[in-house]
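The structure under discussion appears below in the form of structure tokens.
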Amino acid sequence: MSQYKKNISNQEKLESPIDFRSDTVTLPSHEMLASIDNTKLGDDVYGEDFEVIELQEYAANLLGKEASLFFPSGTQSNLTAMLAHCQRGDEVLIGRHYHTNVYEARGVSVLGGVGICPIDTSASGSMKVSDMLSQIKDNDPHYAVTKLLCLENTFSGKVQPQQELDALAKAAHSKGLKVHLDGARLFNAHIHSGLTLKALTESFDSISICLSKGLGAPIGSLLVSDQATINRALRLRKMLGGGMRQVGVIAAYGMYALKNNVKRLQEDHDNAKYLASGLSSLSELTIDYGENQTNMVFVDCPEQHRESLGKHLFDRNIIISNLDRGRLVCHLGISKEDILVVIDAFKEYFKNI
Ligand SMILES: *Cc1c(COP(=O)(O)O)cnc(C)c1O
């Protein structure tokens, strides 16, 4: 089933809903919108948009790498990274349930001729070094050439233990592989763990970060890596149609997000924790909210209630995804007061059945 299927029809549009489907649904604040007023725009395909240049330098410095490149989406940034590290006929190892394996339409295989070898992970997303190593192919003409390991942090909102990620990267490097991190929500891991961005990314050859998730920018991702990889990525991005012109109009929002919306992620984590504890008093629901969780609460609701509960919430201006292990994502569009309203709405439903 589509991960985005709503419990409501698309014809219905709420005014300002409490929307838990994803942290991608955030709308830019007035302050963010105003941040484009003084931008130094130019043609970024000519390398002349100073807003973009500034953002790319800023992101590279934050992560302690040489360079970075601005992308319209995290999917294109991940795809470009994988293509920059691999040739046709090569293979990339990816956790079975990771975004790069499941939700990116297998672009790396379709467009790049690069195979994916999925590696089993635990429910919380962690991969065993031995499972990863066992899938690196010998130099034998029967096999694809294993070139890259792709990891993810956070995974389903869960911060991955840094020692585990570092150990995986070290083991992969010792076999001559490159290692890419899909860090779409890296800043949530940064705020939750207290580790610096450099400590979180030191082990990786390239990292993709999203500005359009919890950081609240409307569009944009960055690929961060060494200069040689970014040089290859520049040609690949053009090939994929991701070369954009006066794109400082978007980069300015990204810069605003990086400078203003990182620390406040703690509020989202606090709200998620509060929501999880409020909902856990309802015996009909099974709540999954682990220790390493950041901004997501997973709710398993008995099948007979899923549709009617979804409708009950929608009538109260609350939008959630499907309730078979439904994901409630906290973000800057949801306040503590909203969380109280939502907990009450759940309680009201179960009181009346
Ligand atoms: C959102 C996301 C991406 C990139 O998604 P886009 O919608 O293409 O920006 C990549 N990885 C993870 C884990 C994500 O959540």
Side-chain angles (χ1 to χ4, degrees), residues 2-4 19-28 55 59 68-83 92 94-108 110-111 116 118-119 121 123-127 148-160 165 179-190 192 200-201 204 206-225 233 236-237 240-242 244 247 250-251 253-254 257-258 261 265 268 272 292-298 321 327-332:
S2 164
Q3 73 163 329
Y4 297 116
D19 192 340
F20 280 100
R21 286 170 298 160
S22 176
D23 45 11
T24 56
V25 301
T26 54
L27 299 176
L55 174 67
S68 90
L69 195 62
F70 189 55
F71 282 86
S73 72
T75 298
Q76 196 177 73
S77 171
N78 279 327
L79 171 59
T80 299
M82 292 188 275
L83 295 178
V92 47
I94 307 181
R96 189 174 297 285
H97 305 291
Y98 293 176
H99 201 278
T100 38
N101 183 44
V102 183
Y103 299 116
E104 299 186 4
R106 295 271 170 150
V108 71
V110 177
L111 306 170
I116 292 178
I119 310 287
T121 63
S124 66
S126 79
M127 184 188 286
L148 178 69
L149 169 64
C150 193
L151 299 173
E152 185 172 315
N153 195 19
T154 62
F155 167 79
S156 285
K158 296 189 183 74
V159 181
Q160 300 300 296
L165 296 180
V179 186
H180 171 72
L181 181 74
D182 177 359
R185 295 187 178 85
L186 183 74
F187 292 87
N188 295 87
H190 165 56
H192 187 279
L200 289 165
T201 56
F204 307 111
S206 57
I207 304 101
S208 173
I209 55 172
C210 286
L211 305 169
S212 57
K213 301 274 168 88
L215 297 183
I219 310 170
S221 289
L222 286 149
L223 179 62
V224 189
S225 188
L236 289 161
R237 187 186 67 175
L240 295 170
M244 299 179 282
V247 70
I250 300 172
Y253 298 148
L258 283 177
N261 290 347
L265 289 171
D268 302 340
N292 295 327
Q293 184 52 253
T294 55
N295 65 333
M296 300 181 188
V297 178
F298 291 85
S321 50
R327 185 181 77 156
L328 277 68
V329 185
C330 294
H331 52 74
L332 55 73

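In what follows, every heavy atom counts, from backbone to side chain, and hydrogens, waters and symmetry copies are set aside. For ligands, and for the atoms within them, numbers begin at 1 and follow the listed sequence.
Ligand 1 has an N or O atom lying under 3.5 Å from an N or O atom of R185, backbone or side chain. The N/O atoms of T75, backbone and side chain alike, include one that comes under 3.5 Å of an N/O atom in ligand 1.
Contacts between T24 and ligand 1 below 4.0 angstrom, taking non-hydrogen atoms only, are absent altogether. At a 4.0 Å heavy-atom cut-off, ligand 1 touches S73 through backbone and side chain alike. Residue-level proximity to ligand 1 for E152 is carried by the side chain, the only part with a heavy atom below 4.0 angstrom.
Side chain of S212 to backbone of I219: no donor-acceptor contact under 3.5 angstrom is found.
Nearest heavy atom pair, residue I207 against residue T201, reads CD1-CB, 3.7 Å. Of all heavy-atom pairs between P218 and Y253, the closest is CG-CD1, 3.6 Å. Heavy-atom minimum distance, Q76 versus L240: NE2-O, 3.5 Å. Of all heavy-atom pairs spanning L223 and S206, the tightest one is CD1-CB, 4.1 Å.
When each atom of ligand 1 is checked for a heavy atom of E104 under 4.0 Å away, the hits are 10 (C). Below 4.0 Å from some heavy atom of N78 lie the following atoms of ligand 1, by number and element: 10 (C).
If you check each of S156, G74, G157, S77 against atom 9 (O) of ligand 1, the one with the closest non-hydrogen atom is G74.
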Give the C-alpha distance, both sets of side-chain angles, the deciding distance and a yes or no for side chain to side chain donor-acceptor pair (under 3.5 Å) between S208 and S77. CA-CA 6 Å; S208 173; S77 171; 2.9 Å; yes
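At the shortest separation from atom 1 (C) of ligand 1 among protein heavy atoms lies K213 NZ, 1.4 Å. At the shortest separation from atom 11 (N) of ligand 1 among protein heavy atoms lies D182 OD2, 2.6 Å.
Ring orientation note: the planes of Y103 and H99 are tilted relative to one another, at an angle of 30° to 60°.
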